[in-house]
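Notes follow once the structure below has been shown.
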Amino acid sequence: DIVLTQSPALTVSLEQRATISCKTSQNVDNYGISYMHWYQQKPGQQPKLLIYEGSNLASGIPARFSGSGSGTDFTLTIDPVEADDIATYYCQQSKDYPRTFGGGTKLELK
Amino acid sequence: EVQLVESGGGLVQPGRSLKLSCLASGFTFSNYGMNWIRQAPGKGLEWVASISSSSSYIYYADTVKGRFTISRDNAKNTLYLQMTSLRSEDTALYYCARGITNKPFAYWGQGTLVTVSS
């Protein structure tokens with residue numbers, strides 16, 4: 001199984017940049033596509049797709065969110081952070097079964 | 001507008017069975033693979049099972065293989081998860097999500113809560 005590792009929490013100030021990392025135990029790239037996706041989940045809500053295939057912004061997602069990386073190292077950046085961004089962020093790979101998620105990074109305000 | 005509405009959750013005793021449903025609307029259901037993903041209280045997301053658009057390909061997490069069965073009825077725009085031999089560790093909010101092949105889970109339902117307890 002491909003294991004995805006995220007830091008449990010990140011503390012950030014409003015209007016600053018937040019950088020959330022996700023490291024995978026195996027390469028999740030194939031034919032030039034990174035099968036890495038990012039989701040935002042607020043308390044009491046279902047997850048929402050933010051970034052797909054490493055760096056593509058999902059529909060309706062503000063340009064403050066961006067994704068980067070390849071292979072085994074990926075990053076979700078929020079710049080600048082707004083109050084509405086306080087949530088838990090999950091990475092997920094779709095290169096292989098079983099599909100796996102990172103443990104989630106809870107974004108907290110300083 | 002894509003909508004996914006789960007139902008069928010509830011309180012069930014260990015060892016018993018339960019069947020979840022997910023009614024889809026706003027898209028051509030028969031064109032998309034579908035998935036079940038769960039989240040235990042206060043925990044992260046865990047993929048449970050996937051089924052291709054025509055039910056030709058089915059995959060399960062090792063934690064549910066042999067106990068859970070994913071299926072779909074394209075005529076009824078409905079996805080199912082038959083859960084048997086339920087355990088306390090199956091207690092979770094169960095989401096259905098749309099996603100095909102190597103694509104992400106682009107749309108999620110609100111979830112249905114399954115509690116396994118005596």
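Below, chains carry the letters A, B, ... as their sequence lines are ordered, and counting in each starts from 1.
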Next item on the list: Report the distance from atom CD of B:Gln39 to atom CZ of A:Phe101, rounding to the nearest 0.5 Å.
Entry: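 If I round to the nearest 0.5 Å, the distance is 9.5 Å.
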Check: Which distance, rounded to the nearest 0.5 Å, do you find between the OG1 of A:Thr88 and the CG of B:Leu45?
Finding: 9.5 Å
Notebook entry, point to check: For chain B, which residues from residues 43-53 of chain A lie under 4.5 Å away (heavy-atom distances)?
Noted result: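 When heavy atoms of chain B are the reference, residues 43-53 of chain A contributes A:Gln45, A:Gln46, A:Pro47, A:Leu49, A:Tyr52, A:Glu53 within the under-4.5 Å range.
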Margin query: Tell me if the CD atom of A:Glu15 is crowded by more than 12 foreign heavy atoms within 6.0 Å.
Written below: no
Item checked: Exceeds 12 heavy-atom contacts within 6.0 angstrom, atom NZ of B:Lys76 ->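 Count not over threshold, so no.
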Does any backbone or side-chain atom of [X] lie under 4.5 Å from a heavy atom of chain A? Answer side chain, backbone, both or neither.
{"X": "B:Lys103", "answer": "both"}
{"X": "B:Leu93", "answer": "neither"}
{"X": "B:Tyr95", "answer": "side chain"}
{"X": "B:Ser50", "answer": "side chain"}

Please answer: with hydrophobic residues joined when any side-chain heavy atoms are less than 4.5 Å apart, are [X] and [Y] in the same cluster?
{"X": "B:Met83", "Y": "B:Ile58", "answer": "yes"}
{"X": "A:Trp38", "Y": "A:Leu10", "answer": "yes"}
{"X": "A:Leu4", "Y": "A:Ile33", "answer": "no"}
{"X": "B:Val5", "Y": "B:Ile37", "answer": "no"}
{"X": "B:Tyr60", "Y": "B:Leu18", "answer": "yes"}

Check: Aromatic rings B:Tyr59 and A:Tyr97: how do their planes relate, parallel, tilted or perpendicular, breaks at 30° and 60°?
Finding: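 Rings of B:Tyr59 and A:Tyr97: parallel, under 30°.
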Provide the closest heavy-atom pair for [X] versus [Y] in the form atom of the first, atom of the second, distance.
{"X": "A:Gln92", "Y": "B:Pro104", "result": "OE1-CA, 4.4 Å"}
{"X": "A:Lys95", "Y": "B:Asn102", "result": "O-ND2, 3.7 Å"}
{"X": "A:Arg99", "Y": "B:Trp47", "result": "O-CB, 3.5 Å"}

